[in-house]
Amino acid sequence: MVDPRDLYSLPLASFIAERNALAKELRARGRRGDAARVTAMRKPSLAAWAVNQLVRTQPRALVALFDAGDALRRAQSDLLAGRGDALALREAGKRERASVAKLVEAARGLLSSDGHELSPAVLERVSDTLHAAALDEHARAELEHGCLHRELRHIGLGADAAVPSRTSSRSSARKPRSSRKPATRETQRRSGEAERGRSERLKAARRAESESRRIAERADRALKNAQQRRNDAARSLAKAEAVLADARARAEEAAVTHERARRPLESL
């Protein structure tokens, strides 16, 4: 009997029929609870279906994506804690985006081979789901089963509050005399302000990076679509020129034949 999870590996058009057939078989075996759970399984969206196929066909690329996502999260946490630098963050972001782009290209092939439309919107939702799985543990756990029925979105890392500043840690470790309490509170206040400022800058940098990434991905898809249209136009032009050349040759041949047929009339 089919494992219910295998339904998500089937061609998208077969999902409903195969799901209903499996539920019917389970009911016939007296497994009504299992049948109800199978019936409740939702048909995946096109983007979710493509990601499910990536889970099954691109395991190494997915491991590389998760590694890149972990490296990016470490770089962001290090920068927030004052241990890292912006260059390391940019390099980690570039590696994560490259991993996503490789998988999106594989998804493009899967969608095309299954006869689905390669719309930029679908590919963008695939990209968003992969970014979410790279950067969020809960999203990654959902994706790893290969049974998504909807796309995923990553909102934020949420690591800012978990990383204390080194300055505030040192301040809290000291036990100043009562005469120094005002100065200690002022130091802590300034440290807190500095930490909040660093957190806000990192959040702004993440938002800017996320937006620029989406713009770059949309531009890349637009370029590929334009190149495809250009190639299609070039092939159409070549076919038209071949037809024109053939028509011209036939016209010339017909003209010669007509001239030969006309000459005897002139001598009569």
Out of curiosity, [X] [atom1] to [Y] [atom2], how far, rounded to the nearest 0.5 Å?
X: E96; Y: E91; atom1: CD; atom2: CD; answer: 13.5 Å
X: K94; Y: L89; atom1: NZ; atom2: CG; answer: 12.0 Å
X: D128; Y: R153; atom1: CG; atom2: CZ; answer: 4.5 Å
X: R60; Y: K102; atom1: CZ; atom2: NZ; answer: 9.5 Å
X: C147; Y: E142; atom1: SG; atom2: CD; answer: 11.0 Å
X: H131; Y: L65; atom1: NE2; atom2: CG; answer: 8.5 Å

Please tell me if the side chains of [X] and [Y] come closer than 4.5 Å, counting only heavy atoms from C-beta onward.
X: D70; Y: L135; answer: no
X: R95; Y: D67; answer: yes
X: N52; Y: Y8; answer: yes
X: V38; Y: R19; answer: yes

Is there a donor-acceptor contact under 3.5 Å from the side chain of [X] to the main chain of [Y]?
X: T129; Y: R125; result: yes
X: S113; Y: G109; result: yes
X: S127; Y: L123; result: no
X: R140; Y: A133; result: yes

(request) Give a yes or no on whether K43 atom NZ has more than 12 heavy-atom contacts from other residues, nucleotides or ligands under 6.0 Å away. (result)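 Counting neighbours around NZ of K43, more than 12 heavy atoms of other residues, nucleotides or ligands fall under 6.0 Å, so yes.
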(message) Counting only heavy atoms not in R56 (residues, nucleotides, ligands), do more than 12 fall under 6.0 Å from its CZ?
(response)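 Counting neighbours around CZ of R56, more than 12 heavy atoms of other residues, nucleotides or ligands fall under 6.0 Å, so yes.
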Where do [X] and [Y] come nearest, in terms of heavy atoms and distance?
X: L79; Y: A86; value: CD1-N, 4.0 Å
X: A139; Y: A132; value: CB-O, 3.5 Å
X: A75; Y: A92; value: CB-CB, 4.0 Å
X: A107; Y: A50; value: CB-CB, 4.4 Å
X: L54; Y: L62; value: O-CD1, 3.8 Å
X: R27; Y: A35; value: CG-CB, 3.4 Å

(message) side-chain contact (heavy atoms from CB on, under 4.5 Å), that's the test. Do R108 and V126 meet it? Break it down for me.
(response) CA-CA 10 Å; R108 183 192 297 270; V126 171; over 6 Å; no
(request) Would you check if the distance from the ring center of W49 to the ring center of H149 is below 6.0 Å? (result)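 No; H149 has its ring centre 6.0 Å or more from that of W49.
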(request) Verify side-chain contact (heavy atoms from CB on, under 4.5 Å) between L152 and R150, making sure each step is shown before the conclusion. (result) CA-CA 7 Å; L152 304 176; R150 57 177 176 79; 3.2 Å; yes
(message) Under a plain distance cut-off of 3.5 Å, with no hydrogens placed, do S9 and Q53 share a side-chain donor-acceptor pair?
(response)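 Not at all, the side chains of Q53 and S9 share no donor-acceptor pair under 3.5 Å.
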(message) If hydrophobic clusters are built from ILVMFWY residues whose side chains come within less than 4.5 Å, do V104 and V63 share one?
(response)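 No; V63 is not reachable from V104 via cluster members.
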(message) I'd like to know if R73 pairs up with D136 as an ion pair, taking the criterion as any Lys NZ or Arg NE/NH1/NH2 lying under 4.0 Å from an Asp or Glu carboxylate oxygen.
(response)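 Here R73 does not pair with D136 in a salt bridge, since their nearest N and O are not under 4.0 Å apart.
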